[in-house]
Asker: 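Below are the structure tokens for one structure; questions will follow.
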4 protein chains.
Amino acid sequence: MDVVRAEDAGAAAGTGERRPKRMPRAVRERQMLDAAVRIFGRRGYRAASMDEIAELAGVSKPLVYLYLNSKESLFTACIRREAQALAEAVREGVDPALPADRRLWEGLRAFFTHTAEHPDGWAILHRHARTRGEPSAAEVAALREGITAFVTELIQAAAREAHGGPGPAEREVAGLAQALVGAAESLAAWANTDGSVAANEAAATLMNFAWAGLGNLMAGHRWSPAER
Amino acid sequence: MDVVRAEDAGAAAGTGERRPKRMPRAVRERQMLDAAVRIFGRRGYRAASMDEIAELAGVSKPLVYLYLNSKESLFTACIRREAQALAEAVREGVDPALPADRRLWEGLRAFFTHTAEHPDGWAILHRHARTRGEPSAAEVAALREGITAFVTELIQAAAREAHGGPGPAEREVAGLAQALVGAAESLAAWANTDGSVAANEAAATLMNFAWAGLGNLMAGHRWSPAER
Amino acid sequence: MDVVRAEDAGAAAGTGERRPKRMPRAVRERQMLDAAVRIFGRRGYRAASMDEIAELAGVSKPLVYLYLNSKESLFTACIRREAQALAEAVREGVDPALPADRRLWEGLRAFFTHTAEHPDGWAILHRHARTRGEPSAAEVAALREGITAFVTELIQAAAREAHGGPGPAEREVAGLAQALVGAAESLAAWANTDGSVAANEAAATLMNFAWAGLGNLMAGHRWSPAER
Amino acid sequence: MDVVRAEDAGAAAGTGERRPKRMPRAVRERQMLDAAVRIFGRRGYRAASMDEIAELAGVSKPLVYLYLNSKESLFTACIRREAQALAEAVREGVDPALPADRRLWEGLRAFFTHTAEHPDGWAILHRHARTRGEPSAAEVAALREGITAFVTELIQAAAREAHGGPGPAEREVAGLAQALVGAAESLAAWANTDGSVAANEAAATLMNFAWAGLGNLMAGHRWSPAER
DNA sequence: AATGAATGAGGATTCATTCAT
DNA sequence: TATGAATGAATCCTCATTCAT
């Protein structure tokens, strides 16, 4: 569904045309990005070939270069698009009127739902972008920071709402958020692999995890090697 | 420190020889694996070149092929070695005489310590191996399953010890372990990036996280969207 | 100054139009040739791209093809135009009423002045046209022959005027003229590079050169290896 | 004669081998340079293809890259080799024991002889190198400066020997030498094109030219527009 | 009169891999 | 045990040129 072959799109009224139809640039560009996300996501940056991408997009290679300049810049464009889509999905999944714990829950669910529905895009962000040098890495780091910040803030808010008081120390929350996001990413991969584990379940697991950890944190209960 | 240029290692008894000394196969193989881990870890599979690996190992390319057959099999060898090393580090870091929560704690610490000390090997296992087809992926999946099983078992034991009773449901623990490993991986990256956050702190954060989640799970306290 | 962007030329009466105005074919063609001369002159035939030329001319590529058919034929058109311009400049710089030595002098001056003012056109004629196959080479050969003939004739005339008699042998004069033109080309490059050497000076150097050689020729003084 | 196909060189004792024989690097490198000079000389830098060069050299393209790194650097190597060869030919053609006018004569003859015998190398130096950016241009500029300096010095010496006194002004001699070298280059092209004009004749023409111009210079006879 | 959309063909460069010694 | 010599097969990218409007 991500990728639509030009033949499908252009095959109007049984003309039997073999050449891809002329299409406005914006449409073609989207097709190319769709194809690129798919190939990059499955193969990784280096193993993906522009030939394959062009073919999947249903256009000739020069057109890909004409519109997207280079492999590197095509990859960056993929990252940017997928990162935005993910960020937006999370943002839109959250109703700001709800209490913080519900917001956290819904954010997690939106995250899992979106990554499950866009496994290639998610693979690009999660696995492949980190390998590349600056341009892409920066893009992804920004996304991750955005999400981490979002989570950090939710945790703080939830802590205040649930327990009153000033909330836990900045640093501790940062670690918690980091762990939470990492766990989410890992669970996303797990959930995507194992078809039977749905977004809801993953979100619930994580929420339990987070909620309890948070509660302990607030209550000052910390496990430490000496304690027992 | 991982990688030792052959010249250094082989310069015996001031012969003034410029060519790398003849060395027993085992030594040469280790040099090659060291080099390969470094290059694969930093560049990824596709972007790593056999030329670069051979040069870093201080030998000619044909020798690499003589000993390790192909790029693919060299990569697999790297994965196997690094996976074993990691598994062993975790196993050795744990004293079986201790109570379960201490064992969990020490396992986590060993994990973080080892990955921090072998970033290239860790990158291979964590980032690059997944991209490759079967041979490598299987290897890593085995490692991951091993660790997950180990953690699962520790959790079960800890739960029994701490709370009595039969322990939580298999499935829930699987999700928990998965999340825990993901969080650990994420924290490992965080800890490695941000120099000031040492293995200890990461382990502590995670332990708090896990412990509380676990307690809740045992006590039947679960967060659920309807609850509030 | 050679090249005028279409926007500047066509921006009439504040219409606010962004598209290049419709213009009579002759004007468009001149814009294209201006752009082509600039690009060809600076990059050489192969390294010049039709894209760049079209962009500099401020039109779309298909229009260039519509008016000038192909890269090859565009190049030929450039050569033709620049060759004519140079020939004309030399012809117009010479007053036929003057004695032959003055005519030669003025021809040289006109040559240096024109080439200095049209470095790109000169580069096309002098450097790039020779590399191409027949169509262009012939065009340039014609120019060169024209100039050489012009010079040959001047030399003959000057010889007659200065010394009386039938003038030197055809063949010798051909060599002399060839050398003179070559020297002129070389001096043109030198004069263009070293800003301080103006057309006048270059012409003077050459004139001295030629005049003396000519005198010797007439007087039958020839250097020969055996002579000393 | 410049280029030797590997088949010829390697076909020992009627083995009928079709694959090019293994050869020491130095030999292969020379073959590649021979081929490259030929192709670059005939087509120019851009129009020359590495494919064609490799084929003419009788090796595969990767080997060319292995030994000579890139098209650019192959081109530079050609320039360097041909420039050195030419400079050496001129240097070796001149007997330092002879008087200056004879030395000039012999230098010119050697120049014409060498360029006539190595038309492709000469084309590279004279026509194609100038088009390319720094690396090549610098190399050629150095050659040209070397030759110009050589000629300048000869002129000064000849002037002193022939006429006594301090010799003409630096600046005038520079112009003269520049013109002389340009004329020589032009005559070389002429001589090479028109088979019937041999090195001797070209050298003689030029020598007459130079000698007379020099005499005039020394005697203070200068043509000037006002003079007549 | 003018252009946005599109491509076939080719060119430089790299890489995993193999011989012959 | 070890290597210098060599290559088939991609891969990224560019360019002259055309078509449909």
Side-chain angles (χ1 to χ4, degrees), chain A residues 6 19-25 27-29 46-54 58-72 74, chain B residues 6 19-25 27-28 46-54 58-67 69-72 74, chain C residues 6 19-25 27-28 46-54 58-67 69-72 74, chain D residues 6 19-25 27-29 46-54 58-72 74:
Chain A
R19 292 310 204 76
K21 284 302 254 313
R22 297 285 179 105
M23 310 183 57
R25 174 169 182 153
V27 177
R28 274 278 188 257
E29 238 166 57
R46 282 294 287 247
S49 100
M50 295 297 273
D51 265 302
E52 207 182 354
I53 291 172
V59 297
S60 70
K61 240 188 317 172
L63 202 57
V64 181
Y65 280 91
L66 188 59
Y67 287 171
L68 286 144
N69 302 314
S70 73
K71 192 184 190 183
E72 181 75 42
L74 172 57
Chain B
R19 296 311 202 69
K21 285 300 261 304
R22 301 222 160 184
M23 309 183 56
R25 174 160 182 155
V27 178
R28 274 277 187 258
R46 281 295 289 248
S49 98
M50 295 297 272
D51 266 301
E52 208 182 352
I53 291 172
V59 298
S60 70
K61 251 188 307 175
L63 200 59
V64 180
Y65 278 88
L66 187 61
Y67 284 174
N69 304 312
S70 74
K71 191 185 189 183
E72 182 74 42
L74 171 56
Chain C
R19 294 315 198 70
K21 287 297 262 302
R22 302 219 159 187
M23 309 182 56
R25 174 162 183 156
V27 178
R28 274 277 187 259
R46 282 295 287 245
S49 97
M50 295 297 273
D51 266 302
E52 208 181 353
I53 291 171
V59 298
S60 71
K61 253 190 306 175
L63 200 58
V64 179
Y65 279 87
L66 188 61
Y67 285 174
N69 304 311
S70 75
K71 192 186 190 184
E72 182 74 42
L74 171 56
Chain D
R19 291 308 204 80
K21 282 300 253 312
R22 296 285 179 106
M23 309 184 57
R25 173 168 181 153
V27 177
R28 275 276 188 260
E29 238 167 55
R46 284 293 288 246
S49 101
M50 296 298 272
D51 265 302
E52 207 183 353
I53 291 172
V59 298
S60 71
K61 242 189 317 173
L63 201 59
V64 180
Y65 279 90
L66 189 59
Y67 287 171
L68 286 144
N69 303 314
S70 73
K71 192 184 188 184
E72 181 76 41
L74 172 56

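These figures come from a predicted structure and were not determined experimentally. Protein chains get the first letters and strands the later ones, always in sequence-line order, with residue 1 at the start of each.
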Asker: Tell me, what's DNA chain E's dot-bracket, Watson-Crick or G-U with both distances under 3.5 Å, | for other-strand, [ ] crossing?
Answerer: .||||||||||||||||||||
Asker: Measure CG/Leu74(A) against P/dT11(F) and give the value in whole Å, please.
Answerer: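 Going from Leu74(A) (CG) to dT11(F) (P), I get 16 Å.
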Asker: Base, sugar-phosphate, or nothing: which does Arg25(D) touch, judged by heavy atoms less than 4.0 Å apart?
Answerer: sugar-phosphate
Asker: For the CG atom of Leu66(C) and the CZ atom of Arg28(C), what is their distance to the nearest 0.5 Å?
Answerer: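 The distance works out to 11.5 Å.
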Asker: Nearest 0.5 Å, what's the NZ-CD1 distance between Lys61(D) and Ile53(D)?
Answerer: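 So the gap between those two atoms works out to 11.0 Å.
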Asker: Between P on dC15(F) and CD on Glu72(C), what's the gap in Å once rounded to a whole number?
Answerer: 18 Å
Asker: For Met50(B) and Ser70(B), work out which heavy atoms get closest and say how close.
Answerer: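 Smallest interatomic distance, heavy atoms only, reads CE-C, 4.3 Å.
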Asker: I'd like to check the side chain to side chain donor-acceptor pair (under 3.5 Å) partners of Asn69(A); sequence neighbours left out, ordered by chain and number.
Answerer: none
Asker: Please classify the nucleic acid contact of Ala48(D) as base, sugar-phosphate, or nothing, using heavy-atom distances under 4.0 Å.
Answerer: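 Answer is sugar-phosphate: Ala48(D) comes under 4.0 Å of backbone atoms only.
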Asker: Measure from the side-chain heavy atoms of Leu66(B) and tell me the nearest of dC12(F), dA5(E), dA2(F).
Answerer: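 Of the options given, the side chain of Leu66(B) lies nearest dA2(F).
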Asker: Could you check how far NZ of Lys61(D) sits from P of dG8(F), rounded to whole Å?
Answerer: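 Lys61(D) atom NZ is separated from dG8(F) atom P by 11 Å.
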Asker: For Pro24(B) and for Lys71(A), locate the closest nucleotide of DNA chain F by heavy-atom distance; then report the residue assigned to the nucleotide nearer the 5' terminus.
Answerer: Pro24(B)
Asker: Provide the closest heavy-atom pair for Ser60(A) versus Ala54(A) in the form atom of the first, atom of the second, distance.
Answerer: C-CB, 4.0 Å
Asker: If you assign Ser49(B) and Asp51(D) each to the DNA chain E nucleotide with the nearest heavy atom, which residue ends up on the more 5' nucleotide?
Answerer: Asp51(D)
Asker: Taking the minimum atom-to-atom distance to the side chain of Leu63(C), which one of dT7(E), dG4(F), dA2(E) wins?
Answerer: dA2(E)
Asker: Are any of Tyr67(A)'s side-chain N or O atoms less than 4.0 Å away from OP1 or OP2 of dA6(E)?
Answerer: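 It does, given that an N or O in the side chain of Tyr67(A) lies less than 4.0 Å from OP1 or OP2 of dA6(E).
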Asker: Measure the spacing between OH of Tyr65(B) and NZ of Lys71(B) and express it to the nearest 0.5 Å.
Answerer: 8.0 Å
Asker: At under 4.0 Å, does any side-chain N or O of Arg28(D) touch on OP1 or OP2 of dA6(F)?
Answerer: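 Indeed, a polar side-chain atom of Arg28(D) lies that close.
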Asker: Using the side-chain heavy atoms of Pro62(C), tell me which of these nucleotides is nearest: dT17(F), dA2(F), dG4(E).
Answerer: dG4(E)
Asker: Choose from dT3(E), dC13(F), dA6(F) the nucleotide whose nearest atom is closest to any side-chain atom of Val59(C).
Answerer: dT3(E)
Asker: Which nucleotide, dT3(E), dA12(E), dC12(F), lies nearest any side-chain atom of Tyr65(D)?
Answerer: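 The closest nucleotide is dA12(E).
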